[in-house]
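Notes follow once the structure below has been shown.
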Amino acid sequence: METIGKILITEDEIADAVARMGREISADYDGKELLLVGILKGAFLTMADLARQITVPVEFDFMAVSSYGDATKSSGVVRILKDLDQEISNRHVVIVEDIVDTGLTLHYLLENLRVRQPASIEIAALLVKEGIQQIPIDVKYRGFDIPPDFVVGYGLDYTGLFRNLPYVSVLDPDNLPV
Ligand code: PRP
């Protein structure tokens, strides 16, 4: 299959990072039960692969969120399209994301979920864009710090496509695929 864009992180590098994140989480939650909360849609691949690297008992839930369009994305106004199925009070929660960009989605989610009084809440994100978080977000489990380029693959899309690429690549904004 033709390579899309310029590969930034290979399939093997992703696998290594996800395995490391899984080891870190398994060590930190030793003796506890964990609830992984995947943020749809982008997190579906990170969630699936990270889950298989975690050795403590783990349950799963998902949220789907949407920003109110591009213009208001920077305002941090987020709409919940699908809420959690279960209560999280007294649960140890790890939110799983594919990417932290401005940080506004996670800032909103943390505020929203902390009100529900989990025992603890942390973030696992495969990618963190460097230098552009509008609000500092403490990403405890992180795969890669990346430049603020337009990236696709491994859950990340361009016009709905390329989420299934097994690698992460950079698209040239002046030469986007049709
Ligand atoms: C992406 C990503 C995060 C968010 C990060 O989701 O999965 O949820 O953007 O951006 P931020 O840090 O600037 O808030 P997106 O809204 O593209 O939806 P998707 O996962 O369904 O593609």
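Atoms within each ligand, like the ligands themselves, are counted from 1 in listed order.
- Sparse packing is recorded around NZ of Lys6, with 12 or fewer heavy atoms of other residues, nucleotides or ligands lying under 6.0 Å away.
- When all heavy atoms are compared, the tightest approach of Val65 to Leu109 is CG1-CD2, 4.0 Å.
- Residue Gln86 places its CD atom among more than 12 non-hydrogen atoms of other residues, nucleotides or ligands, all under 6.0 Å distant.
- Listed by number with element, the atoms of ligand 1 under 4.0 angstrom from any heavy atom of Thr102 are 11 (P), 12 (O), 13 (O), 14 (O).
- Scanning for side chain to side chain contact (heavy atoms under 4.5 Å, CB included) contacts around Leu84 gives Val37, Asp61, Met63, Ile88, Leu113, Arg116, with sequence neighbours left out.
- Less than 4.0 angstrom separates some heavy atom of Ile99 from each of these atoms of ligand 1: 2 (C), 3 (C), 5 (C).
- In this structure, the side chain of Thr55 does not engage the main chain of Ser26 through any donor-acceptor pair within 3.5 Å.
- Comparing heavy-atom distances from atom 10 (O) of ligand 1 across Asp101, Val128, Ile137 singles out Asp101 as nearest.
- Contacts with ligand 1 closer than 4.0 Å are made by no heavy atom of Lys129, backbone or side chain.
- Atoms of ligand 1 found under 4.0 Å from any heavy atom of Asp98, numbered from 1 in the order shown, are 2 (C), 7 (O).
- With hydrogens and angles disregarded, no donor-acceptor distance shorter than 3.5 Å links the side chain of Glu97 to the backbone of Ala124.
- Against a heavy-atom cut-off of under 4.0 Å, Leu104 is close to the following atoms of ligand 1: 12 (O), 14 (O).
- Counting heavy-atom neighbours within 6.0 Å of Glu87 CD, excluding the residue itself, gives a total of 12 or less.
- Counting heavy atoms closer than 4.0 Å to ligand 1, residue Gln133 contributes nothing at all.
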Sequence neighbours excluded and cut-off under 3.5 Å, please list the side-chain donor-acceptor pairs for residues 135-146, or say none.
| residue | atom | partner | partner atom | Å |
| --- | --- | --- | --- | --- |
| Tyr141 | OH | Asp28 | OD2 | 2.6 |
| Arg142 | NH1 | Asp145 | OD1 | 2.5 |

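- Atoms of ligand 1 lying under 4.0 Å from any heavy atom of Asp157, numbered from 1 in the order shown and given with element: 22 (O).
- Listed by number with element, the atoms of ligand 1 under 4.0 Å from a non-hydrogen atom of Lys41 are 19 (P), 20 (O), 21 (O).
- Heavy-atom contacts of Gly42 reach the following atoms of ligand 1: 19 (P), 20 (O) (cutoff under 4.0 Å).
- Close approach of ligand 1 to Gly103 (heavy-atom distance below 4.0 Å) involves ligand atoms 11 (P), 12 (O), 13 (O).
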